[in-house]
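Chain letters run A, B, ... following the sequence lines, proteins first, then strands; residues in each count from 1. Computed from heavy atoms alone, side chains included, the values below leave out hydrogens, waters and symmetry copies.
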Amino acid sequence: MANIAALPDPQAYMALVWDIVRMVPAGQVTTFGQIASMIPPPPGVDERDYARLAPRFVGDAMNAVSWKDEATVPWHRVINGKGEISLPPDTKAAALQRARLRDDGVMEGDMESVDLGRFGWEGPPADWLAARGLHSPKPLRRPPDERPQQMALF
DNA sequence: CGTTTGACTACGC
DNA sequence: CGCGTAGCCAAAC
């Protein structure tokens, strides 16, 4: 399973991912891995292996966002675990994503990455997740006092 | 019809 | 902290 098409119900998976992405507010970002962490593996698949494979499925789901759906699915708020845009750097789509992230205020100046500790999403409401049998998301945002203090050594 | 190629991540060095 | 690798499928070339 290294492809969304290998899942038992690719369409349902994609619809669920889109529903989750729709909930990410402006000014915050989520990651492929965070979304994947909410969706349980199919029966018989090892949870640990799945955690490494599933983020690609989320990528597939984002890749499938057409220009028509683009208005209702804020795909640009989904980035990789390093806080970077995962689209090929020199593409039109990547440029658009950078512009959108700047508009959202999460990518400052000429930065090429987003500080997940500051702008990471906390995930959907707990009852929304519970109603669908989903896991609680992997945490991205750090409490302000746990943020790295770069000059702390001096 | 055989190869290549992924909107990724965890883990081991 | 950076780099390589496994995962092991399906669709595009």
Side-chain angles (χ1 to χ4, degrees), chain A residues 1-107 111-124 129 134-142 146-154:
Chain A
M1 274 192 315
N3 182 315
I4 192 174
L7 291 171
D9 191 345
Q11 297 235 330
Y13 186 91
M14 198 176 80
L16 181 54
V17 170
W18 286 20
D19 281 345
I20 293 173
V21 174
R22 274 188 260 262
M23 303 180 75
V24 183
Q28 292 179 45
V29 294
T30 184
T31 68
F32 300 98
Q34 187 186 39
I35 292 176
S37 73
M38 304 182 212
I39 305 175
V45 178
D46 179 58
E47 185 103 30
R48 196 166 173 74
D49 291 336
Y50 189 72
R52 288 176 300 169
L53 294 174
R56 289 187 100 101
F57 308 156
V58 177
D60 291 338
M62 287 302 96
N63 196 37
V65 176
S66 69
W67 291 104
K68 172 172 152 263
D69 302 306
E70 202 246 355
T72 61
V73 182
W75 56 270
H76 67 278
R77 301 193 182 121
V78 186
I79 57 183
N80 68 30
K82 294 177 295 193
E84 300 167 338
I85 289 172
S86 275
L87 248 19
D90 296 328
T91 60
K92 223 173 183 177
L96 178 61
Q97 186 168 19
R98 270 190 295 272
R100 290 262 174 80
L101 289 173
R102 268 197 298 272
D103 285 347
D104 279 357
V106 298
M107 235 180 60
M111 291 278 114
E112 285 296 313
S113 66
V114 176
D115 185 347
L116 293 176
R118 281 203 293 160
F119 302 113
W121 187 37
E122 293 180 345
L129 292 169
L134 301 177
H135 298 153
S136 65
K138 174 180 72 173
L140 296 179
R141 186 196 293 257
R142 287 186 297 277
E146 278 185 33
R147 254 184 268 151
Q149 300 285 326
Q150 297 240 354
M151 295 291 109
L153 289 175
F154 294 91

Polar atom pairs (N or O), protein with nucleotides 7-11 of chain C, under 3.5 Å:
residue	atom	partner	partner atom	Å
C:dG7	N2	A:Arg52	O	2.6
C:dC9	O4'	A:Met1	N	3.4
C:dC9	O4'	A:Ala2	N	3.1
C:dA10	O4'	A:Asn3	ND2	3.2

So, the side chain of [X] versus the backbone of [Y]: is there a donor-acceptor pair under 3.5 Å, distance only?
X        : Y        : result
A:Trp75  : A:Glu70  : no
A:Arg100 : A:His76  : no
A:Arg141 : A:Gly120 : yes

(message) Using a 4.0 Å cut-off to any heavy atom of chain A, which nucleotides of DNA chain B are the first and last in contact, reading 5' to 3'?
(response)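 It runs B:dG6 to B:dC11.
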(message) Give me the distance, rounded to whole Å, that separates B:dA7 from C:dG2 when you measure between the C1' atoms they each carry.
(response)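 Here B:dA7 and C:dG2 have their C1' atoms 22 Å from each other.
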(message) Taking only the P atom of each, what is the distance from C:dT5 to B:dT5 in whole angstrom?
(response)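 About 15 Å, rounded to a whole number of Å.
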(request) Kindly give the heavy-atom pair with the smallest separation between A:Pro89 and A:Ala94, and that separation in Å. (result)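 Here A:Pro89 and A:Ala94 meet closest at O-CB, 3.7 Å.
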(message) Classify A:Lys82 by what it touches in the nucleic acid, base, sugar-phosphate, or nothing, heavy-atom distance under 4.0 Å.
(response)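 Nothing: the residue A:Lys82, judged by heavy atoms under 4.0 Å, touches no strand.
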(request) For A:Asp69 and A:Ser66, test the side chains for any donor-to-acceptor distance below 3.5 angstrom and give the result as yes or no. (result)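 Per modelled atom types, A:Asp69 and A:Ser66 side chains form a pair under 3.5 Å.
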(message) Using the rule side chain to side chain contact (heavy atoms under 4.5 Å, CB included), only one of A:Asn80, A:Thr31, A:Val106 pairs with A:Leu116; which is it?
(response)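 For A:Leu116, the side chain to side chain contact (heavy atoms under 4.5 Å, CB included) test succeeds with only one of A:Asn80, A:Thr31, A:Val106, which is A:Thr31.
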(message) Counting only heavy atoms and a strict 4.0 angstrom limit, can you tell me which residues of residues 63-70 of chain A come near DNA chain B?
(response)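 Result for residues 63-70 of chain A: A:Asn63, sorted by number.
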(request) Decide yes or no for A:Val17 and A:Ile39: does some side-chain heavy atom of the first lie under 4.5 Å from some side-chain heavy atom of the second? (result)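 Touching, per the 4.5 Å side-chain cut-off.
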(request) Check whether more than 12 heavy atoms from other residues, nucleotides or ligands sit under 6.0 Å from atom CE of A:Met23, and answer yes or no. (result)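 Check passes, neighbour count above 12.
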(request) Quick one: do A:Arg22 and A:Asp19 satisfy salt bridge (charged side-chain N to carboxylate O under 4.0 Å, His left out)? Show the steps, please. (result) CA-CA 5 Å; A:Arg22 274 188 260 262; A:Asp19 281 345; 3.3 Å; yes
